[in-house]
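Below you'll find the structure, written out as structure tokens, and then a few comments.
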2 protein chains.
Amino acid sequence: MRPADVHSRPEDPASDETAEGGATLAEIARAAGVSAPTVSKVLNGRADVAAATRTRVEELLRRHGYRRRRGASQQSRMIDLVFHELESSWAMEVIRGVENVAREEGLSLVLSESAGRLMPGQTWVDGVLARRPAGVILVLSDLDAAQRAQLTSRDIPFVVVDPAGDPGDDVPSVGATNWQGGLAATRHLLELGHRRIGVIGGPSRMMCSRARIDGYRSALESAGVAADPELVREGDFHHEAGHAAGLELLRLPEPPTAVFTGNDLQALGLYEAARELGVRIPEDLSVVGFDDLPLARWVGPPLTTVRQPLTEMAEAAARLVLDLGRGRRPAASRIDLATSLVVRNSTAPPAA
Amino acid sequence: MRPADVHSRPEDPASDETAEGGATLAEIARAAGVSAPTVSKVLNGRADVAAATRTRVEELLRRHGYRRRRGASQQSRMIDLVFHELESSWAMEVIRGVENVAREEGLSLVLSESAGRLMPGQTWVDGVLARRPAGVILVLSDLDAAQRAQLTSRDIPFVVVDPAGDPGDDVPSVGATNWQGGLAATRHLLELGHRRIGVIGGPSRMMCSRARIDGYRSALESAGVAADPELVREGDFHHEAGHAAGLELLRLPEPPTAVFTGNDLQALGLYEAARELGVRIPEDLSVVGFDDLPLARWVGPPLTTVRQPLTEMAEAAARLVLDLGRGRRPAASRIDLATSLVVRNSTAPPAA
């Protein structure tokens, strides 16, 4: 496979860039009172257009539903992957999935981090408009309406992996069966005989975290076990939060005998809290994580966890976004891959 | 910061692309019996040149030491990062370092994996020639002489992080003080009173691994402790190798009381072997890792390890490659950042 030429793009917009049904580029230019090449510059994310002009042109593009049709020759051979934070082997699993597909397709992978914000900044969007990637994959991240409109008008498809918020029905996304995972984790603990089961969730603004906790609640409810609100803690998916919430739970007058920790990193934080307090896993405390990162197998004791197929999710997202770029519409705008419980040594029946 | 325009590059080569001292592009074209635009196409990694012509032109470029001078406007706003394998949080620490600098500089990060080979393939090189990044960073990876010549003739600078082999004096590289790290790890164990100290190295073809083991040997020697060849094992820096070598070492008639594991993942493999055999850490066995990945703090017991400043190394490499692109020559072609021993709970005096 050979990378396509990235610099033979036509600067002249008239020839093969036309609106789908809506206004043509020339009409947008007339309405904005600028030349067609100026509209083309805005479409290409060029810096040499006055800010006010850009704003006016963007507004007209949006209002007229302008959509550039791109042939394959006008796309660069790149795929954009954006994380809200580049951290932990969680991100590595996702990167590997996208890289697998990128290599198969002879595409380069452009990686960005929105620096902890759930929305990438405008600088990033400008870069995407200039790069014209074959597609954009956002991880635990989202675009605002104006950014979406900008990508759409340039015919740059995007897919969200594990959407943090609710991306809306029109945004294709790939996730995992988080609710079922929370249900399976909690059922496993119930079947072992636990009744006092705590949970440390991720941030409540993240849908994946809410779904896992709802699964936990449903499992308790269908087993006829009352959920004790004192046993429900909110974390942020990092080790430190698992440690802090773990100490709180284990220091309760009546501590839980088992905890579903929302993800693997929080499970390790709980491991540390248990070590500090001399609480043995699994003899005194059962722990179930979520994700099944490689380290879940390596920690002591090896962690029982809900496997989330991160690499496969990323591969699915990459294939989906490339399909969209080729004009194929997906059967469903949301794909959820199955989670599965992996039982290792951190769970056991409660002490008698 | 605004990304520069990536598609306004001059296709006409005559204007501002000249050789440094050597032949001009027109002379290369004449010698090859092709037109100047054809040489330009080869320089740009374009697909539409016959293979034989490409080979002839590349050969002439190399022989004449042709070097294109690029202005900033002719570079794309990208930086290329290549791993020999994208795995573990080790790679994530490096990615984060390069991403930090890329963000500061308004550059996009293009990530590739050479799929376990220590040399990226020609497809990758062709992609780089077409992309024209501001610089290339290779991690545990290297280029062959022809690939180096190709990048040099296009004025695309490159830097190697933690070179696997010996990249040669003319290749700028960033590493860590591996020998000192191996020395410090082993001295720590000697000071605790251990005399029977094993080591599990990485692959012997990797210089960083050799240096760590040599540091181990030097520490033993200067303490007057004879190195027992039976206690020296070769791994591959993965968890499984640490597990396998760990089982071998712990099953020796006279097993070591302490092991320096070459990296953190191998330490976790040894943890698992010790668990399986009922060997307690640190009571029966002291363990020292290398890297100080985030998980070193999280495992039980928290791992004593040699910190390798991976993120800082990656930042240094990114700054170095951008400096080279701006025509600044580095003071030294090899920068080694300091390692430091981090003592946690996996090391203790040997049982009496």
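Note on naming: letters A, B, ... go to the chains in the order of the sequence lines (proteins, then strands), and numbering restarts at 1 for each one. In this text, all values refer to a predicted model and were calculated from it rather than measured experimentally.
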Inset, instruction - Measure the spacing between OG of A:S112 and CG of B:L111 and express it to the nearest 0.5 Å. - result: 11.0 Å
Inset, instruction - Taking heavy atoms only and a threshold strictly under 4.5 Å, list by residue number the residues of residues 288-300 of chain B that touch chain A; give 'none' if the list is empty. - result: B:L295, B:R297, B:W298, B:V299, B:G300
Legend entry - Within-4.5 Å side-chain heavy-atom neighbours: B:S89 and A:M92: no
Inset, instruction - Go through the steps for A:M78 and B:R131 under the test side-chain contact (heavy atoms from CB on, under 4.5 Å), then give the verdict. - result: CA-CA 10 Å; A:M78 296 180 207; B:R131 275 197 290 285; 4.3 Å; yes
Inset, instruction - Select all residues of residues 274-283 of chain B having any heavy atom within less than 4.5 Å of some heavy atom of chain A, and report them by number, or 'none'. - result: B:R275
Legend entry - Side chain proximity check, A:R96 to B:E85, heavy atoms < 4.5 angstrom: no
Inset, instruction - Give a yes or no on whether the backbone of A:E99 and the side-chain of B:E113 come within a donor-acceptor separation of less than 3.5 Å. - result: no
Legend entry - Option in B:L86, B:I95, B:L268 with maximal non-hydrogen atom pairs under 4.5 Å from chain A: B:L86
